[in-house]
Amino acid sequence: MEENNEQITPIQQNSQNKTVLIAEKSGLLGKVISIALKHAGFEVEIVKDGYEVLHKVMNKNICCLILDRYLPSIEGYKLAAIIRDGMNLSSLPIIIVSAEEEADSFWDDTSNVTEVFALSSGNVSNLVKRVQEYTQDFIVEKKFITQNINQSQNQNSEKPTELEEKVSEFADNHDELEDVISKNPDKKYTLFAVNAMEKSYFYYNMMRQIFELNRHSSDLDEFIESAFKLLLKICDFDAVAIIIHDSTSLIYTAGIENKNPQIQQDFINICKTDYEKNENVQGVIEYSHLNMDWILPHENQNPEEQNQEYASYIVHNIDTVDFLGTIHIASNKMKFFNAKTSSAVQFFAEKTSFMLMQTIIHRRVTLSEQRLRFTFSKFVPEEIIEDLLNNYDSPSENPNNEKRRIAVMICDIRSFTTISEINQPENVVSFLNGYFTRMVDIIRRHGGAIDKFIGDAIMALFGAPISYVDNAKRAVDAALEMNRTLEEIDTSLLTFPEGMKLDIGIGIHQGEMIVGNIGCNDKTDYTVIGDSVNLTSRIEGLTKTYGARIMVSQAIYDDLSDDVNCLLLDKVRVKGKNLGVQVYRVDEKPLDKEFTKNYEKGLNLYLNGAWTLALDYFKNANQIVSTDKASRLMIERCQEFIKNPPSDWNGAIALTSK
């Protein structure tokens, strides 16, 4: 290993012990580090075994430990964890050195080392600098503790200080392990005690990390990803799979993406075979596969490398013994599944079962709610679905019905009954699905909600469940866009009678209505009730009579701005009502000015009973726009009223039918 020429400044000599203990299985590497530390003024001892480290730490005044990741008898990380907790040396600097970049082990997060130092050619001087920094802090801390203890003793305090209690506790813990070592010099007794402590510590920390998985219990994918990462720390596998038992079995994998297709398939097949051996897995099984190879740090896998070792583990609900799924682990290393690895994975499978069950249940509930929302969103506004879900625990308590001012739109396809009679039902349904999709999208985009489909008609609400200050304008804007979109609707599946094409009529009115969940205990419908709904339907029907695609009531017109192209067509009176309602046509572009001028003058005279004078203006309007149906209708009425004047004329024509 090459060393750079950077000079290291020796630390100042003082009365404190500056012994650094190096535990390094490589004699050459240990010597290189030792020479650099001695040059910096440290005393150095080198050992090659974790067992010797324990003896040195208890019998020497060590100011820093440098441990190889892999040591005989006791590995570096495990040794650090034992020294930290078992000997209560929480402040002793412990540096793990490794000559290569390696995957984090389970101990990385539990041993609480001071630093993991990636040792490479030329950076030994950086390691020495770290030791200088850490030991200086450690010596200052020890000096502070010693001064406080001496001060306490000089004051002859009868009650021990908190610092004294900590020192006493340290001594007790230190002596506990030291007794085993000193009274049983045979290494096997020491290793027995260390292994027992290591095992207890290992499972304690595994439980602590398993508990952290609970933070991901609301998302199954996140839970499995975190479980894979923890398993990778417990046993450095090469491939892993977890199969979840559900209506569609979910198979999660990692470590197979870089393998050739045959090896990938072989691994998945053996996992499925072991999973399907369980008696609760019956019939034809549908799988959904998600690969999570991104969790593995190994980027240079051999695509042709076969797994040498494989094992599977069943996951049961610890309370009900319900089958939850299986864990499958494979490794390229021979004799990978020793007793320790197998027991650790089995422990993991048992202790994660409850959280896995909760995560699966949460996923099922979430998917059910999503399906419910998707299904009912086609018929019920999203806000109503939310309200129903929020009141699920008290289904008898329906949301309060309320009176509200709402704009209602009804859109109907002209002569659709005739069109349906000459077309195949499946073609009619396919056309309607495409037509409704386009129209409903427009309505929702403008803030409307679909109340219902009535055959080929659409009934939409603007103002419920969400109301805006400009409900009327939103409804009209939606109607204008629907009118523009009509030319884009695909009618290739339909055959039309000669001279007929796809056409619609839209009626819009607003007024006070009752809105809410209306129905019986078994079935309710979020809808509106009131005379205003009936009037909207009548206005929609008038679009055929007056030859206008979009017609609105006076209540809508009053809320529109001047830039909307409107023309007052007539004053009508619904059956059962004494008062008439003025109705307007709405167009995308302004009508011919002369036509509009003559029609408005004619209508004003007509409403005041001057039918003879009105007749001439309507004729002028019809000459300007010969295709206008409204002016022809008004001409016929004027001619009829001149011959047979109606009694009690108030300008409103009675509507006797739709």
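The structure presented is a predicted model; accordingly, all values stated were derived computationally and were not measured.
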What I'd like to find out is whether the side chain of [X] reaches to under 4.5 Å of the side chain of [Y], using heavy atoms alone.
| X | Y | answer |
| --- | --- | --- |
| Y468 | I466 | yes |
| R364 | D246 | yes |
| F42 | T135 | yes |
| K129 | L127 | no |
| L250 | L290 | no |
| Q132 | Q136 | no |
| L67 | V97 | no |
| T352 | L213 | yes |

Donor-acceptor contact below 3.5 Å, side chain [X] vs main chain [Y]:
| X | Y | answer |
| --- | --- | --- |
| D68 | L71 | no |
| D293 | I256 | yes |
| S226 | E222 | yes |
| K333 | D236 | yes |
| D238 | N332 | yes |

For the residue pair [X] and [Y], what are the closest heavy atoms and their distance?
| X | Y | answer |
| --- | --- | --- |
| G255 | A239 | O-CB, 4.1 Å |
| T341 | C235 | CG2-CB, 3.7 Å |
| A40 | V128 | CB-CG1, 3.7 Å |
| I285 | S249 | CG2-OG, 3.4 Å |
| S353 | L324 | O-CD1, 3.3 Å |
| A23 | V53 | CB-CG2, 3.5 Å |

Quiz question: by atom type and distance under 3.5 Å, do the side chains of [X] and [Y] form a donor-acceptor pair?
| X | Y | answer |
| --- | --- | --- |
| Q262 | D266 | yes |
| E257 | W294 | no |
| N291 | Y252 | no |
| T326 | Y313 | no |
| T253 | H289 | yes |
| S218 | H216 | no |

Output, in order, the C-alpha distance, side-chain angles, deciding distance and verdict of side-chain contact (heavy atoms from CB on, under 4.5 Å) for C64 and L92.
CA-CA 6 Å; C64 183; L92 176 66; 5.6 Å; no

Note: [X]-[Y] ion pair, threshold 4.0 Å (strictly below):
| X | Y | answer |
| --- | --- | --- |
| K48 | E52 | no |
| R130 | E115 | yes |
| K56 | E45 | yes |

[atom1] of [X] to [atom2] of [Y]: how many Å apart, nearest 0.5 Å?
| X | Y | atom1 | atom2 | value |
| --- | --- | --- | --- | --- |
| I251 | S288 | CD1 | OG | 10.0 Å |
| L65 | L21 | CG | CG | 5.0 Å |
| Q358 | H362 | CD | NE2 | 10.0 Å |
| I62 | T19 | CD1 | OG1 | 5.5 Å |
| L356 | K351 | CG | NZ | 15.0 Å |
| S312 | K277 | OG | NZ | 7.5 Å |

Can you sort out the partners of T114 under side chain to side chain donor-acceptor pair (under 3.5 Å), two or more places apart, ordered by chain and number?
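For T114 the side chain to side chain donor-acceptor pair (under 3.5 Å) partners, ignoring immediate neighbours, are R84.
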
Show your working on side-chain contact (heavy atoms from CB on, under 4.5 Å) between V315 and F323 and close with a plain yes or no.
CA-CA 6 Å; V315 184; F323 175 65; over 6 Å; no

Using the salt bridge (charged side-chain N to carboxylate O under 4.0 Å, His left out) criterion, which residues pair with D219? Sequence neighbours excluded.
none

Between F117 and I66, is the side-chain contact (heavy atoms from CB on, under 4.5 Å) condition met? List the steps.
CA-CA 10 Å; F117 189 88; I66 298 177; over 6 Å; no

Above 12 or not: heavy atoms from other molecules or residues under 6.0 Å from NZ of K31?
no

With a 6.0 Å cut-off (strictly less than), is the heavy-atom count around CZ of F211, excluding the residue itself, greater than 12?
no

In L119, V131, V116, the residue satisfying side chain to side chain contact (heavy atoms under 4.5 Å, CB included) with I95 is V131

Could you label the plane-to-plane angle of the F237 and F228 rings as parallel, tilted or perpendicular, counting under 30° as parallel and over 60° as perpendicular?
perpendicular

Check for me whether the distance between the ring centres of Y310 and F336 falls short of 6.0 Å.
no

Give the intermediate values and the outcome of side-chain contact (heavy atoms from CB on, under 4.5 Å) for residues R363 and T359.
CA-CA 6 Å; R363 177 180 181 275; T359 306; 5.8 Å; no

